Amino acid sequence: MSEYEREARRERLDELRASGVDPYPARVGPRERIHEVSERYAQVDGPTLEADAPACALAGRIVAKRSFGKLMFLRILEDGETLQVSCRKQEMEPDAFAFAKVVDVGDFVRVEGVLWRTKTDELTLDARVIEMLSKSLRPLPEKFHGLTDVEARFRQRYLDLLANEDSRKVAVKRSLTLRAMRRFLDGRGFLEVETPVLQPLYGGAHARPFETRYKAYDQNVYLRISDELYLKRLVVGGLDRVYEIGHNFRNEGVSKKHSPEFTMMECYQAFADYNDMMDLTQDMLQSIAKEVSGGTKVDYLGEDIDFGGDWPRIPMHEAILDRTGVDVTATDDVASLRAAIQAAGHVPSDAPTWAQLVDDLFSEFVEPELRQPTFITNHPVALSPLAKKSVEDPRFVERFEVFAIGIELGNAFSELNDPIDQRERFEEQVKAQADGDDEAHPLDEDFLAALEHGMPPTGGLGIGVDRVVMILGGVANIREAILFPHMRPESA
RNA sequence: GGGCGCGUAGCUCAAUUGGCAGAGCAAGGGACUCUUAAUCCCUAGGUUCGGGGUUCGAUUCCCCGCGCGCUCACCA
């Protein structure tokens with residue numbers, strides 16, 4: 001076991017302390033930011049710098065060290081920006097130069113000196129004094145290849161962020177995405193609200209919950225699978241435009257597009273319907289793409305994804321007809337739909353209901369083909385217990401999902417505000433649960449009471465934030481878009 | 001959960017048919033005033049993921065376990 005290097009660093013740490021230097025001082029002296037200095041002197045040439053000899057102090061982590069006897073170059077990193085530091089024996093007090101020689105890659109230091117340009121015309125801080133700000137006891141990953149082991153990258157994300165510029169970019173883009181989303185919604189008059197993560201009854205999505213225990217109330221509770229039913233209560237309460245960005249938890253499979261803990265943005269707008277929410281979705285994602293990627297065209301792993309313009313709005317049954325030749329509207333039960341699928345030359349799934357069979361057709365034949373941003377509308381009513389029925393065809397609902405790169409980014413509907421209809425839908429869900437669908441919605445009396453008091457016509461939308469980050473960040477796995485994806489314990 | 005693959009030094013990777021486990025970077029010592037993957041000389045660093053088995057001998061072959069990746073299923 002190579003405690004070897006750590007021991008060498010520990011020895012230097014002890015030597016520092018012995019010589020009266022605090023290796024972890026509480027205060028940082030005056031300093032400028034690296035990016036400010038780089039920008040300010042970007043156009044100033046070597047002779048001018050030499051004449052002015054501007055004094056400068058910077059702080060950062062040493063990420064490279066190249067030593068030549070009486071000369072040494074360091075590279076220091078601060079908030080994603082680096083600058084070169086030179087240490088020349090002729091320009092430094094003997095003690096200061098000796099100290100500079102024993103700093104390690106990984107240490108945080110503050111450097112006071114004078115700016116100049118080297119023979120290769122690189123802006124460089126020529127050190128007069130180096131102070132230890134924080135001593136590093138473990139080595140950074142190898143500099144050329146970085147940290148490539150996926151497991152190590154997730155378990156020690158801090159090393160990944162330091163060693164791999166791409167990882168840092170994704171982290172930054174995630175933050176920019178959230179900021180742009182908030183900015184957009186705030187600009188539309190939405191209030192950001194917070195609703196419970198621990199819920200006595202879960203709802204708002206078709207998923208299996210995590211369960212936990214509320215000790216003070218001696219009560220079983222669930223981690224939310226969705227914010228939906230609480231946000232609608234707020235609309236009932238007269239908060240006409242609300243949104244929440246937060247973590248939802250679904251106790252289900254992990255895949256490159258599913259993480260059991262994920263980030264959802266849900267927003268609700270009174271006196272709007274699903275058509276309004278389509279406009280909102282399109283405007284919002286265009287606005288986010290512009291802010292995060294500088295335009296509506298995004299290069300996703302070599303594929304051009306364009307958020308610009310008006311996106312197609314295709315009823316689900318039309319999309320299925322187009323891709324499979326099956327007209328689901330011409331059938332009304334599982335048996336006839338199965339027959340139609342076979343007649344079209346396809347193998348039907350073993351879905352037990354008409355609605356689920358429609359959904360399977362869509363998932364298999366349509367969804368993976370939806371590369372560019374696309375709205376798919378009017379889902380089967382049985383799959384959408386919280387959505388208003390379509391005026392034209394009550395087998396379907398006023399709902400859409402938005403897709404890109406073959407995955408679902410969001411889901412929205414004209415919210416069901418008829419308490420009688422809502423109760424019947426819940427009762428169907430309860431029946432489905434009794435029939436073995438352990439992801440069906442439980443009946444929420446408290447929510448029904450709220451609806452009975454009256455909810456205005458309302459449009460609601462949920463956006464999978466991690467998936468948007470996948471596209472804007474150019475990563476193929478949702479775990480790459482999440483800073484600390486869940487991992488099993490390393491040693492059991 | 002199934003299938004396939006991977007697991008060797010801090011990091012990135014080698015190791016012939018089963019025959020003393022190696023290199024680069026990082027580290028320690030030395031040389032060096034213009035490097036930026038610095039260079040050169042020397043040195044040290046290993047429970048080859050863990051446990052069993054086969055064998056004179058296992059990083060290598062077999063079995064079990066653990067972790068990770070890909071994939072299928074699941075996740076409307």
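The figures here come from the full heavy-atom set of this structure, side chains too, leaving out hydrogens, waters and symmetry mates. As the structure is a prediction and not an experimental result, all values here were calculated from the model. In what follows, chains are A, B, ... by sequence order, proteins preceding strands, each numbered from 1.
If you check every strand for non-hydrogen atoms under 4.0 Å, A:Lys257 touches nothing. Note on A:Ser67: a base of the nucleic acid sits closer than 4.0 angstrom, heavy atoms only. A:Arg153 comes within 4.0 angstrom of no nucleic acid atom, judged by non-hydrogen atoms across all strands. Residue A:Gln84 is classed as a base contact, given a heavy-atom separation below 4.0 Å to a base. Using a 4.0 Å heavy-atom cutoff across all strands shown, A:Leu383 reaches at least one base atom of the nucleic acid. Note on A:Glu252: only backbone sugar-phosphate atoms sit closer than 4.0 angstrom, heavy atoms only; bases stay farther off. Looking at heavy-atom distances under 4.0 Å, A:Met487 makes contact with sugar-phosphate atoms alone, never a base. Among the atoms of the strands shown, base atoms are found under 4.0 Å from some heavy atom of A:Arg399. Residue A:Asn477 is classed as a sugar-phosphate contact, given heavy-atom separations below 4.0 Å to backbone atoms only.
Taking 4.0 angstrom as the limit, A:Lys70 places none of its side-chain polar atoms (N or O) nearer than this to OP1 or OP2 of B:A31. Of the side-chain N and O atoms in A:Arg488, one or more sit less than 4.0 angstrom from OP1 or OP2 of B:C68. Residue A:Thr148 has a polar side-chain atom (N or O) positioned under 4.0 Å from OP1 or OP2 of B:C13. A sub-4.0 Å separation between OP1 or OP2 of B:U35 and a side-chain N or O of A:Arg66 is absent.
Across the protein-nucleic acid pair, A:Gln90 atom CD and B:C34 atom P stand 11 Å apart, rounded to whole Å. To the nearest angstrom, P of B:A38 lies 12 Å from CD of A:Glu122. If you measure from atom CG of A:Asp360 to atom P of B:C74, you get 8 Å, rounded to the nearest angstrom. Atom-to-atom, CD of A:Glu480 to P of B:C68 comes out at 14 Å; the value is rounded to the nearest Å. For the pair A:Lys101 NZ and B:G28 P, the computed distance is 12 Å after rounding to whole Å. In this entry the distance linking CG of A:Asp126 with P of B:C34 reads 14 Å, nearest Å. When the P atom of B:A37 is taken as reference, atom CG of A:Leu74 falls 15 Å away, rounded to whole Å.
Comparing A:His258 and A:Arg479 against RNA chain B, the residue whose closest nucleotide sits nearer the 5' end is A:Arg479. With RNA chain B read from its 5' end, the first of the two nearest nucleotides for A:Arg155 and A:Ser384 is the one closest to A:Arg155.
Geometric assessment of A:Arg338 against the ring of A:Trp354 yields a negative cation-pi assignment under the 6.0 Å and 45° thresholds. Both the sub-6.0 Å distance and the 45° axial angle are not jointly satisfied by A:Arg323 relative to the ring of A:Phe365.
Shown here, B:U36 forms no base pair; nothing in the strands shown gives a Watson-Crick or G-U wobble contact with both key distances under 3.5 Å. Nucleotide B:G67 has B:C6 as its partner under the Watson-Crick or G-U criteria, with both atom distances under 3.5 Å. Checking B:G22 for Watson-Crick or G-U wobble geometry (two distances, each under 3.5 Å) identifies B:C13 as its partner. When both pairing distances are held under 3.5 Å, B:C61 makes a Watson-Crick or G-U pair with B:G53.
Under the stacking criterion of a centre-to-centre distance below 5.5 angstrom and an interplanar angle below 30°, A:Phe73 sits stacked against the six-membered ring of B:U35.
Comparing B:U12, B:A27, B:C34 by their nearest atom to the side chain of A:Arg12 picks out B:A27. The side chain of A:Asp104 sits closest to B:G28 out of B:G28, B:U35, B:U12. Checked against B:C68, B:G28, B:U33, the side chain of A:Ala8 finds its nearest nucleotide in B:G28. Listed nucleotides B:U36, B:G10, B:G69 differ in distance to A:Glu142; the shortest reach to its side chain belongs to B:G10. Checking B:U36, B:G10, B:G67 against the side-chain heavy atoms of A:Arg75 singles out B:U36 as nearest.
For a distance-only test at 3.5 Å, the side chain of A:Thr118 fails to qualify as a donor-acceptor partner of the base of B:U36.
Distance check on atom C1': B:U71 versus B:A9 gives 32 Å, rounded to whole Å. B:C75 and B:C63 have their P atoms separated by 33 Å, with the value rounded to a whole Å. With both ends at atom P, the span from B:G51 to B:G69 equals 24 Å, rounded to whole Å. B:U60 and B:G19 have their C1' atoms separated by 11 Å, given to the nearest Å. Using P as the reference atom, B:U8 and B:U59 are 14 Å apart when rounded to the nearest Å. Comparing B:G18 with B:C61, their C1' atoms sit 8 Å apart, to the nearest whole Å. Comparing B:G52 with B:G46, their C1' atoms are spaced 22 Å from each other, to the whole Å.
A side-chain N or O of A:Glu244 and one of A:Thr195 form a donor-acceptor pair less than 3.5 Å apart. Counted by atom type alone, A:Asn411 and A:Arg399 present one or more donor-acceptor pairs between their side chains at under 3.5 Å.
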Set out, in order, the CA-CA distance, both residues' side-chain angles and the distance that settles ring pair (Phe, Tyr, Trp, His ring centres under 6.0 Å) for A:Phe413 and A:Tyr274, then state yes or no. CA-CA 5 Å; A:Phe413 20 90; A:Tyr274 80 138; 9.5 Å; no

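A salt bridge does not link A:Glu15 with A:Lys135: every distance from a Lys NZ or Arg NE/NH1/NH2 to an Asp or Glu carboxylate oxygen is 4.0 Å or more. Salt-bridge formation is not detected for the pair A:Arg425/A:Glu427: no Lys NZ or Arg NE/NH1/NH2 atom is positioned less than 4.0 Å from an Asp or Glu carboxylate oxygen.
Between the side chain of A:Glu142 and the main chain of A:His145, a donor-acceptor pair closer than 3.5 Å is present.
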